[in-house]
2 protein chains.
Amino acid sequence: MSTRRATISDVAREAGVSPSTASVVFSGKTPVTDATRAKVLHAAERLGYAGPDPRAASLRRGRSGIVAVVFEEHLGAAFLDPVKTLMMDGLTDGVAPLGAGLLLLRDHDPSGAGPSLTNAPIDAAVLIGCSGMLRESLAAVSARGIPVVVIEGDAGDGVPRITLDNRDAQRQAASHVKSLGHRRVVLLTLPTRARRPRGWLADDETIEIDVTRDRSLGARDIFPDAPAYAAEASSMDEGFLAAREILSVPAPRRPTAIIAQSDLLAAGAVRAAEDLGIRVPAELSVTGFDGVAVDGLAPHELTTLVQPAVEKGRAAGRVVAAMLEGRPPPVVTFTCEFREGNTTAEPPRG
Amino acid sequence: MSTRRATISDVAREAGVSPSTASVVFSGKTPVTDATRAKVLHAAERLGYAGPDPRAASLRRGRSGIVAVVFEEHLGAAFLDPVKTLMMDGLTDGVAPLGAGLLLLRDHDPSGAGPSLTNAPIDAAVLIGCSGMLRESLAAVSARGIPVVVIEGDAGDGVPRITLDNRDAQRQAASHVKSLGHRRVVLLTLPTRARRPRGWLADDETIEIDVTRDRSLGARDIFPDAPAYAAEASSMDEGFLAAREILSVPAPRRPTAIIAQSDLLAAGAVRAAEDLGIRVPAELSVTGFDGVAVDGLAPHELTTLVQPAVEKGRAAGRVVAAMLEGRPPPVVTFTCEFREGNTTAEPPRG
DNA sequence: TTGTATGCGTTATCAC
DNA sequence: GTGATAACGCATACAA
């Protein structure tokens, strides 16, 4: 009973073939006689050999079959966002052709103990958003020649990106609202920067997060003077709290429409309105953004912009594949599709 | 301009030291003179060396720093469940002391192309639930001596598990409901098996999923004859649809309490009741399970069983660590805490 | 179709 | 504190 685990050479010896033959039996990269295959497989079974060690194989191949997904936030927070969840699904599909899996990484691991972009055996990295903390690891990663792609963010230099026509799309929704006749409109935005408490935006406040900025610009293209209220996160509860404040003014001055930057925020706004006895859409129109199925909003159906979240993930996978094969990464830009639900209507007369 | 990437030996040569010294500079495992460290670091910089190759390191060390998390379902579906999300958070923490990260794996990859338990360079695996498809890979994995732990499931043999006192806990909630005076009670259960359409359970129907079975048993300990309706998934919308059917009987025969097996289902039931003009808790009591913050249920607060979801994840990390160090895996069983909210009350008189 | 030889890039161990 | 040596386990180019 040797204490050592069997290796492929042991199997080869036991089977009476050369190591390379045994290797080929497992990898299937070269035709092998049925007889030899059987010999090798039997030998493996006798020795309790469970197949080639992935660690050794990845050193030899120069590929680990692992793609890192880097989140800006706490993982729990990331998965609360249905768009990210869908993107992950797409990404899973997108890297499958590479035979790769996804390694979850936090942007700036607080513990410092965990794995990082710099010391994990990854073939490529996908960044979801791109905050400042990341820049340094990014340098190390590209120094190592590891492909990087960014979804919804800007990593500077020549890092390929998957982007969305946020500004155009939001402008489209705003136009719709305007064409219905609304004049008193409020923007309910995503966070403008990390850890900003919820509240009204000052006129000169800079918006650090790309998505928030672009969607705000789109809305302001149509309603240049609309006040904006930033939520602390993208969730129904945040939307609920924000809208309650937005709507807590006498009816004549109360906004007749809220342009929210995510479906979750919009859904929260709808519930807040109901809670205050304000009917949607008769007295208040609400638009969302994302086009995700919001759990618990039935029977309302948001007027929103449907973004191809799953496709974004898949595209990231394709970009990674291209770079890994030395092909130039394709430029990928997706567009949103406007979808009219039953949360928008003409403003009340008066 | 060599086409080859610099290795640690190149750096060592350039710095005029031995490879082992250079290695030590990067790993920090042994004291090094400041002078030599500087020499090595400079050499590395000159050569554009970005640190040791993790693939080679993991072969040499026999550790990749990666722990697989295996889900039964599509990732998107998994993360719709707040309990799983919380567990992932805990797991992230739990494996951090190992310096490990999490690799997402689907139970039965439909494409067949993706990575699997058998060919990914992992140090350990955590199974969330444990469906049948998995058993074979499981064999291969344990043959390789890779530690495996199961959360909320049974992988047979000697695979350590992290479990919850589902039956006891559910019995506690049911007792509470009974002590309030309820007699017409309906169980709103989680799926009984994969892809079962929503609907009433037949008396003799077998429940394949452990969690569902255990919680049902707990409720039946108190209400042996309560009818049960199984949802298709754990979501508010499912709860909404299910409850609408459950409640669609004339008031005298209508249940006065619904014992739901998840907070999401319970929340959906509360909304369905509201939608039907049935007041909660005055006319209908609802209990949940999980104790997660349900986004969008305010101002209701569920009477529920709080389970330590994050702790379950952390515990899995600890179990893995123990096994990796050759220690016997601790047996981990968590208990839920009953929490009374404002969704339960005495049944209406009549 | 099979075997031979080599190196993938590191780091643990031990001596110095 | 530093250096020599020897694996780690495999897959491929090439020859047979």
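Letters A, B, ... are given to chains in the order of the sequence lines, protein chains preceding strands, and every chain is numbered from 1.
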- Query: Do A:Ser20 and C:dG3 share a donor-acceptor pair, side chain to base, under 3.5 Å?
  - Reply: yes
- Rounded to whole angstrom units, what separation is found between the NZ atom of B:Lys39 and the P atom of D:dG1? 15 Å
- side-chain N/O B:Ser9 vs C:dG9 OP1/OP2, d < 4.0 Å: no
- Message: Below the 4.0 Å mark, does C:dT2 have OP1 or OP2 next to a side-chain nitrogen or oxygen of A:Thr21?
- Response: no
- Phosphate-side-chain proximity, B:Thr36 and D:dT2, N/O vs OP1/OP2 below 4.0 Å: yes
- Given DNA chain D, 5'-ward residue of the pair B:Pro31 and A:Tyr49, judged by closest heavy atom: B:Pro31
- A:Phe26 CZ to D:dC10 P: how many Å, rounded? 9 Å
- Message: Less than 4.5 Å apart, side chain to side chain, heavy atoms only: is that true for A:Phe334 and A:Ile162?
- Response: yes
- Is B:Arg60 side chain donor-acceptor paired with the C:dT11 base, going by distance under 3.5 Å alone? yes
- Message: Does B:Val24 reach a base, just sugar-phosphate, or nothing at all? Heavy atoms under 4.0 Å.
- Response: nothing
- Task: Specify the separation, in whole Å, of atom CG of B:Leu59 and atom P of C:dC8.
- Result: 13 Å
- Could you tell me whether B:Ser23 contacts a base, only the sugar-phosphate backbone, or nothing, with contacts defined as non-hydrogen atoms closer than 4.0 Å? base
- Can you find a side chain N or O atom of B:Thr7 that sits less than 4.0 Å from OP1 or OP2 on C:dC8? no
